[in-house]
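Structure first, commentary second.
Quantities reported herein were computed from a predicted structural model and do not represent experimental measurements. Counting starts at 1 for both ligands and their atoms, following the listed order.
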Amino acid sequence: MKDNRLYQPSYLKEILNKFEFTFSKALGQNFLIDGNIIRKIVKESNISKDDTVLEIGPGFGTLTEELALNAKKVIAVEKDSRLMEVLEFTLRDFNNIKIINNDILKENIKNIKEEFSPDRKLKVVANLPYYITTPIIEYLIENKEYIDSITVMVQEEVARRIVATKDNKDYGSLSLYIDYNSDASIIAKAPKNIFMPSPKVDSAVVILKLKNKEFNVDENLLFELIHSGFTKRRKNILNSLTTGFANIEKERLKQVLEELNISSNLRAENLSLNDYINIANKIKYD
Ligand code: SAM
């Protein structure tokens with residue numbers, strides 16, 4: 001194995017000089033310089049030699065290298081075209097990595113899965129660019145039929161919102177959207193100093209294991225209710241759920257809540273995903 005492991009700051013600096021590379025703030029370029037966290041991300045993602053991994057934003061290829069050592073194949077999608085020659089150099093010893101120069105939000109995930117991993121769903125692993133964390137996670141979840149799990153480094157504050165449960169101050173529409181689609185947990189905290197350059201905030205790694213099971217509910221109505229509730233999060237649910245996107249009559253909602261034994265004095269943050277599903281189903285079907 002090479003001794004020039006990419007995460008070593010001295011090697012990173014060497015590459016910066018060799019390619020006269022400057023970090024782009026606009027592209028969220030904060031590269032990892034800590035071998036322990038890289039190994040932990042890959043281990044917790046349960047990558048085996050049968051897996052094809054989709055990596056978003058390989059940067060200099062630090063995480064890509066560890067992924068390639070453990071997976072069958074790594075497909076790495078990088079938006080910054082300046083990094084193409086760098087990656088060709090840093091990952092030259094590997095024959096199981098494919099780099100695609102594109103914006104991940106413009107990539108067709110179904111095609112990637114069908115071309116590179118026809119028999120098995122993809123595992124997504126990434127140290128995400130923070131300026132588009134939520135759009136990327138949403139895009140991946142929209143493609144969940146092709147994806148087994150998503151392991152991503154995000155800002156710590158976003159990680160807390162992702163895993164929050166009811167009655168918690170971080171609980172909101174994002175928590176419910178994630179809960180609806182996956183089982184989520186935080187697997188590691190990451191202080192600012194393990195990145196070069198250091199970002200302004202601490203980070204954390206979350207893993208989302210995508211759920212196969214479909215809930216029996218009108219999804220549009222469910223998320224309209226949730227968004228209404230959290231847009232007016234200080235009001236009680238009788239007021240917040242009837243003044244927002246869902247547009248439900250107060251008398252009707254009052255009756256539904258009574259039938260479900262849910263107090264109308266609660267706020268959006270006091271209801272679980274199941275509560276929202278029950279409310280949506282009663283409105284729709286009873
Ligand atoms: N994986 C590397 C590491 O951990 O050292 C770099 C991570 S850095 C936080 C984010 C990477 O995502 C950068 O390389 C950046 O150029 C790339 N990136 C930014 N926006 C992107 C997009 N829309 N699609 C694909 N890659 C993107």
Side-chain angles (χ1 to χ4, degrees), residues 4-16 19 21-42 44-45 47 53-71 74-91 94 97-109 112 122-140 142-143 150-156 158-159 187-188 190-206:
N4 249 341
R5 301 306 300 251
L6 288 174
Y7 56 78
Q8 288 169 6
S10 56
Y11 186 60
L12 225 92
K13 282 187 184 138
E14 217 179 293
I15 302 290
L16 279 170
F19 291 94
F21 187 83
T22 49
F23 295 109
S24 159
K25 227 179 172 175
L27 285 174
Q29 291 179 342
N30 301 96
F31 293 177
L32 281 168
I33 50 169
D34 180 281
N36 290 329
I37 193 85
I38 290 166
R39 282 185 291 272
K40 175 139 188 146
I41 291 172
V42 176
E44 298 279 341
S45 303
I47 310 282
V53 176
L54 170 62
E55 188 195 3
I56 299 154
F60 278 2
T62 323
L63 179 56
T64 325
E65 177 187 60
E66 185 69 18
L67 288 167
L69 289 169
N70 290 277
V74 182
I75 314 299
V77 179
E78 171 58 63
K79 183 171 179 182
D80 188 347
S81 50
R82 298 175 306 155
L83 285 167
M84 293 304 109
E85 56 166 358
V86 181
L87 288 163
E88 206 173 298
F89 175 76
T90 56
L91 301 173
F94 293 88
I97 300 174
K98 175 160 176 71
I99 307 288
I100 299 174
N101 185 194
N102 199 2
D103 179 337
I104 185 64
L105 299 178
K106 296 190 178 134
E107 268 302 315
N108 185 320
I109 310 277
I112 292 184
L122 300 164
K123 286 187 175 161
V124 175
V125 180
N127 170 17
L128 286 180
Y130 292 169
Y131 75 105
I132 42 166
T133 303
T134 324
I136 292 179
I137 292 177
E138 285 173 358
Y139 186 62
L140 294 171
E142 280 162 25
N143 283 283
I150 302 170
T151 312
V152 277
M153 175 84 79
V154 298
Q155 303 96 308
E156 194 179 358
V158 177
I187 56 164
K192 304 179 191 84
N193 64 0
I194 63 163
F195 299 89
M196 187 198 282
S198 286
K200 287 207 173 67
V201 293
D202 287 333
S203 302
V205 181
V206 288

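Side-chain N or O atoms of E65 include none that pairs as donor or acceptor with a backbone N or O of L91 at under 3.5 Å. Using modelled atom types, no side-chain atom of Y7 and backbone atom of I37 make a donor-acceptor pair closer than 3.5 Å. Without hydrogens or angle criteria, D202 side chain to Q155 main chain gives no donor-acceptor distance under 3.5 Å.
Among E107, K79, M153, K106, the residue whose heavy atom lies nearest to atom 27 (C) of ligand 1 is K79. Comparing heavy-atom distances from atom 8 (S) of ligand 1 across P129, A76, G59, G28 singles out G28 as nearest.
Residues V158 and Y130 have side chains not in contact (no heavy-atom distance under 4.5 Å, counting atoms from C-beta outward). Side-chain contact between R5 and I38 is absent, with no heavy-atom pair separated by less than 4.5 Å.
Remark: ligand 1 and L83 share no N or O pair separated by less than 3.5 Å (distance only, no angle test).
Scanning the protein for heavy atoms near atom 5 (O) of ligand 1, the closest one is L32 N, 2.9 Å. For atom 17 (C) of ligand 1, the nearest non-hydrogen atom of the protein is E78 OE2, 3.3 Å. Distance from atom 1 (N) of ligand 1 to its nearest protein heavy atom, with residue and atom name: G57 O, 2.8 Å. At the shortest separation from atom 23 (N) of ligand 1 among protein heavy atoms lies D103 OD1, 3.0 Å. At the shortest separation from atom 4 (O) of ligand 1 among protein heavy atoms lies N127 ND2, 2.8 Å. Protein heavy atom nearest atom 19 (C) of ligand 1, with residue, atom name and distance: L27 O, 3.2 Å. Here the protein heavy atom with the shortest distance to atom 24 (N) of ligand 1 is I104 N, 3.0 Å.
Of all atoms in ligand 1, numbered sequentially from 1 with element shown, those under 4.0 Å from a heavy atom of N102 are 24 (N), 25 (C). Interface of E55 with ligand 1, defined as ligand atoms under 4.0 Å from a residue heavy atom, comprises 1 (N). Taking every non-hydrogen atom of Q29 and a distance limit under 4.0 Å, the qualifying atoms of ligand 1 come out as 13 (C), 15 (C), 16 (O).
The side chain of I132, and not its backbone, has at least one atom closer than 4.0 Å to an atom of ligand 1 (non-hydrogen atoms only; side chain from C-beta on). With a heavy-atom cut-off of 4.0 Å, P58 touches ligand 1 through its backbone alone. Residue contacts with ligand 1, taken as heavy atom pairs separated by less than 4.0 Å, involve L128 solely via the backbone atoms N, CA, C and O.
The ring of F60 has its center no closer than 6.0 angstrom to the ring center of Y11.
Interatomic distance, CD1 of I137 versus CG of L128, reported as 6.0 Å (0.5 Å rounding).
Annotation: E142, atom CD; neighbour count of heavy atoms from other residues, nucleotides and ligands within 6.0 Å is above 12.
Partner of V124 under the side chain to side chain contact (heavy atoms under 4.5 Å, CB included) criterion, out of I56, I136, T151, V53: I56 alone.
Figure legend: R82 and F21 shown as a cation-pi pair, the cationic atom lying under 6.0 angstrom from the six-membered ring centre and within 45 degrees of its axis.
The shortest heavy-atom distance from V77 to ligand 1 is under 4.0 Å. Taking a 4.0 Å cut-off on heavy atoms, Y131 registers as neighbouring ligand 1. The shortest separation from a heavy atom of I33 to ligand 1 is not under 4.0 Å, leaving the residue out of contact.
Scanning both residues, N101 and K79, for their nearest heavy atoms gives ND2-O, 3.2 Å. Nearest heavy atoms, G59 versus L83: O-CD2, 3.5 Å.
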